[in-house]
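Written below as structure tokens is the structure these notes are about.
In this text the structure is predicted, and so the values were computed from the model without any measurement. Naming convention: chains lettered A, B, ... in sequence-line order (proteins, then strands); numbering from 1 in each chain. No hydrogens, no waters, no symmetry mates; every other heavy atom, side chains included, goes into these values.
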Amino acid sequence: MFEFRIIAECPVTGARAGELNTPHGIIKTPVFMPVGTLATVKAMSPLELEEINAQIILGNTYHLFLRPGTEILSEAGGLHEFMNWHRPILTDSGGFQVFSLARLQKITDEHVLCRSHIDGSQLIMSPEWSMNMQGILGSDIAMCFDQCCEYPASHEKAEEAVNRTALWAKRSRDYFMAHNDPERQALFGIIQGSVYDDLRKRSAEEIIALDFPGYAIGGLSVGESHEAMYHSLDLLNGIMPKNKPRYLMGVGYPPNIVEGIARGVDMFDCVMPTRNGRNATVFTHTGRLNMRGASHAHDFSPLDSECDCYTCRNFTRAYLRHLAMTGEILGSRLFTWHNLRLTISIAEEARDAIIAGRFPEYMKHFTETFHDGDEE
RNA sequence: GGUGGAAUGGCCGAGUGGUCAAUGGCAACAGACUGUAAAUCUGUCGACGGGAGUCUACCAUGGUUCAAAUCCAUGUUCCACCA
């Protein structure tokens with residue numbers, strides 16, 4: 001279980017196409033993974049997710065711990081059964097909430113003392129807590145409990161996060177090996193280090209030394225420039241083991257995905273397609289569009305003529321803008337549907353190009369046609 | 001026909017002598033969103049000007065006052081109740 005096979009590699013960039021085995025099926029990489037924090041990819045049913053070829057989705061340990069909680073999830077027989085999604089699931093450890101809910105907590109090496117963002121009640125997050133919860137969730141891929149550091153952060157702060165992440169990675173692994181089932185669940189390590197080369201390198205070495213079946217790059221896409229992100233990816237591309245899957249956490253802006261793939265990344269996840277979709281911003285092959293814009297009022301063309309999604313096959317921009325302006329639920333659904341399909345299809349296109357030996361051409365074409373900022 | 005009440009910026013609606021180009025909300029326009037405290041948040045929103053500022057504005061006309069969206073008179077329209 002969990003063997004990762006590289007099928008093709010781009011000789012120019014180092015981009016890879018692979019297959020990752022999991023108990024719920026094979027994942028073809030590069031892959032984009034929709035985020036389903038609370039046991040639902042917001043606005044999408046499992047049927048629809050299958051329709052857009054979502055191979056694997058995310059769930060979140062912290063949020064699911066609060067609601068519905070361990071009791072109901074274990075009664076349900078795990079997250080797959082609970083939400084009726086039978087393809088692979090990756091669960092985030094709650095480490096990101098150490099970053100995003102930082103105001104509500106006190107962090108020590110021992111644990112994170114946290115106040116629930118829902119009712120203010122106290123809870124303790126730790127590597128052991130996270131592994132236990134992820135065991136109950138029964139995800140195919142579990143993540144180490146890490147500390148994601150804010151940006152910008154001083155070298156000192158970033159180093160603290162690197163040290164703690166290494167300490168917690170070891171504790172995550174030890175607890176996981178003793179209590180979880182490595183045949184049914186893989187535990188991935190997470191590399192931190194902010195934008196500091198020495199810290200990235202050290203973090204990578206420390207995490208890789210613990211020998212995980214896959215490695216994630218955390219602490220990026222938190223506000224740093226694209227150049228800084230790409231620089232860190234270049235550095236890590238030379239350090240991370242080639243025979244293990246690599247997961248760039250939190251990245252979903254289309255150009256970032258393509259650039260990430262070119263730097264040897266296999267897996268991506270991001271709330272951007274779903275959140276921006278609900279907020280009426282869509283991505284196309286040529287850029288980004290705010291669908292509330294008056295310029296679409298009389299436009300009876302599809303969102304993206306190259307897209308094969310349900311939204312693009314059936315609805316005009318004029319109608320979609322109308323849904324956005326009236327705040328109709330269908331608008332949120334159709335925009336999410338499109339954004340997810342588009343993001344997933346970019347990973348698919350890149351994979352096809354790698355296998356066909358024309359990834360550099362694909363990337364060149366993508367970069368030339370996708371305009372940063374708004375479309376055209 | 002009588003009595004009482006009301007008329008404010010695209011809409012709703014505060015304001016009842018100067019600090020009012022006028023609170024709020026909606027609509028509109030624009031922007032943000034990267035391991036989800038987000039179907040959320042931010043900005044603009046009378047005209048002209050880069051700005052200081054100038055002009056036109058709170059139903060209409062006239063008046064009181066240094067000063068009126070605010071007070072008075074008349075008119076117009078609308079609402080409620082009574083006949």
Do Arg292(A) and G31(B) have a side chain to base donor-acceptor pair shorter than 3.5 Å? yes
Grab the CE-P distance between Met272(A) and U36(B) for me, whole Å please. 13 Å
base_contact_polar (G35(B) base, Asp146(A) side chain, donor-acceptor, <3.5 Å): yes
Salt bridge flag under 4.0 Å for residues Asp352(A) and Lys28(A): no
For Leu233(A) and G35(B), what is the distance between atoms CG and P respectively, to the nearest whole Å? 15 Å
What distance, rounded to whole Å, do you find between the two C1' atoms, one in G46(B) and one in C29(B)? 16 Å
If we call it a pair only when both distances are under 3.5 Å in a Watson-Crick or G-U wobble match, what pairs with A52(B)? none
Would you say Thr37(A) places a side-chain N or O within less than 4.0 Å of OP1 or OP2 belonging to U36(B)? yes
Side-chain contact check for Asn279(A): nearest option of U36(B), A32(B), C29(B) is A32(B)
Are Arg341(A) and Glu48(A) ion-paired here, with the side-chain N under 4.0 Å from a carboxylate O? no
Considering only the P atoms, how many Å lie between G53(B) and A22(B), rounded to the nearest integer? 13 Å
If you check the Val251(A) side chain, which of U34(B), A37(B), A32(B) turns out closest? U34(B)
Atom pair distance, as rounded to whole Å: OH in Tyr253(A) and P in A32(B): 10 Å
Touch check for Met325(A), heavy atoms < 4.0 angstrom, all strands: base, sugar-phosphate only, or nothing? sugar-phosphate
Could you work out the separation of A21(B) and U70(B) based on their P atoms and round it to a whole Å? 14 Å
Under 4.0 Å, heavy atoms only, any strand: does Asn60(A) hit a base, just the sugar-phosphate, or nothing? sugar-phosphate
Donor-acceptor pair, side chain of Arg333(A) and main chain of Ala43(A), under 3.5 angstrom: yes
Residue Lys42(A), side-chain heavy atoms: nucleotide from A37(B), A39(B), A28(B) that is nearest: A39(B)
Pairing nucleotide - A28(B), Watson-Crick or G-U, each distance under 3.5 Å: U44(B)
Is any NZ, NE, NH1 or NH2 atom of the basic residue among Arg164(A) and Asp109(A) found under 4.0 Å from an Asp or Glu carboxylate oxygen of the other? yes
In Å, rounded to the nearest 0.5 Å, how long is the span from OG1 of Thr108(A) to NE2 of His111(A)? 4.5 Å
Of the nucleotides C29(B), A39(B), G35(B), which one has an atom closest to the side chain of Val35(A)? G35(B)
For C29(B) and Arg321(A) - does any side-chain N or O of the residue sit under 4.0 Å from the phosphate oxygens OP1/OP2? yes
Quick note, Leu58(A) side chain, CB onward, closest among A30(B), G35(B), U36(B) is G35(B)
Can you check the distance between C82(B) and C72(B), where both ends of the measurement are the C1' atom (answer in whole Å)? 29 Å
I need the CG-C1' distance between Leu123(A) and A37(B), as an integer number of Å. 13 Å
For A57(B), give its Watson-Crick or G-U wobble partner with both distances under 3.5 Å, or none. none
Distance, P atom - from C48(B) to G10(B), rounded to whole angstrom: 15 Å
The residue, Gly327(A) or Thr274(A), whose nearest nucleotide of RNA chain B is more 5′ is Thr274(A)
Between Phe315(A) and Tyr310(A), is the gap from one ring center to the other below 6.0 Å? yes
Closest of U36(B), G35(B), U34(B) to the Tyr247(A) side chain is G35(B)
Would you kindly give the CE-to-P distance between Met125(A) and A37(B), to the nearest whole Å? 11 Å
For the pair His338(A) and Leu320(A), evaluate side-chain contact (heavy atoms from CB on, under 4.5 Å) and give the outcome as yes or no after the intermediate values. CA-CA 11 Å; His338(A) 164 77; Leu320(A) 293 166; over 6 Å; no
OP1 or OP2 of G31(B) less than 4.0 angstrom from a side-chain nitrogen or oxygen of Asn290(A), does that happen here? yes
Can you tell me whether the side chain of His226(A) and the base of U34(B) have a donor-acceptor pair closer than 3.5 Å? yes
Watson-Crick or G-U wobble partner of U16(B), both distances under 3.5 Å: none
Using the C1' atom as the reference point in each nucleotide, state the distance between G62(B) and C26(B) in Å, no decimals. 37 Å
From the options G35(B), A39(B), A37(B), select the nucleotide whose nearest atom is closest to the side chain of Ser93(A). G35(B)
Which is true for Glu328(A) with a 4.0 Å heavy-atom rule: it touches a base, it touches only sugar-phosphate, or it touches nothing? nothing
Sort out the partner of U70(B) for me: Watson-Crick or G-U wobble, both distances under 3.5 Å, none otherwise. none
Scan Arg103(A) against the nucleic acid and name what it touches under 4.0 Å (heavy atoms): base, sugar-phosphate only, or nothing. base
Opposite nucleotide pairing with A6(B), Watson-Crick or G-U, both atom distances under 3.5 Å: U77(B)
Can you say whether a donor on the side chain of Ser100(A) sits under 3.5 Å from an acceptor on the base of U36(B), or the other way round? no
d(CZ, Phe268(A); P, G35(B)) in whole Å: 14 Å
Which ring pair (Phe, Tyr, Trp, His ring centres under 6.0 Å) pairs, counting each pair once, include a residue from residues 341-369 of chain A, with sequence neighbours left out? Phe366(A)-Phe370(A)
Calculate the interatomic distance between Ile57(A) atom CD1 and G35(B) atom P; express it in whole Å. 15 Å
Students often get this wrong, so: under 4.0 angstrom with heavy atoms, is Gly293(A) touching a base, only sugar-phosphate, or nothing? sugar-phosphate
For nucleotides G18(B) and A67(B), find the distance between their P atoms and express it as a whole number of Å. 14 Å
Looking at Asp174(A) and Lys170(A), is any side-chain nitrogen of the basic one under 4.0 Å from a carboxylate oxygen of the acidic one? yes
What nucleotide among G35(B), A39(B), C33(B) has an atom nearest to a side-chain atom of Arg278(A)? A39(B)
Tell me whether the side-chain N or O atoms of Asp269(A) pair up with the base of G35(B) as donor and acceptor below 3.5 Å, since no angle test is needed here. no
Examine the side chains of His231(A) and Glu224(A) and answer whether a donor and an acceptor come within less than 3.5 Å of each other. no
So if I take every side-chain heavy atom of Ile190(A) and compare against C33(B), U34(B), G35(B), which nucleotide ends up nearest? G35(B)
Length of the CZ-C1' vector between Phe96(A) and A37(B), whole Å: 12 Å
Between C33(B), A37(B), A39(B), which one does the side chain of Thr281(A) approach most closely? C33(B)
Heavy atoms only, 4.0 Å cut-off, all strands: where does Ile329(A) land among base, sugar-phosphate and nothing? base
Can you tell me, in whole Å, how much space there is between the C1' of G9(B) and that of A32(B)? 29 Å
Indicate whether OP1 or OP2 belonging to A37(B) is found under 4.0 Å from a side-chain N or O atom of Gln97(A). yes
How do Ser332(A) and Asn256(A) order along RNA chain B: which one's closest nucleotide is nearer the 5' end? Asn256(A)
Counterpart base for A39(B), defined by Watson-Crick or G-U wobble contacts under 3.5 Å: none
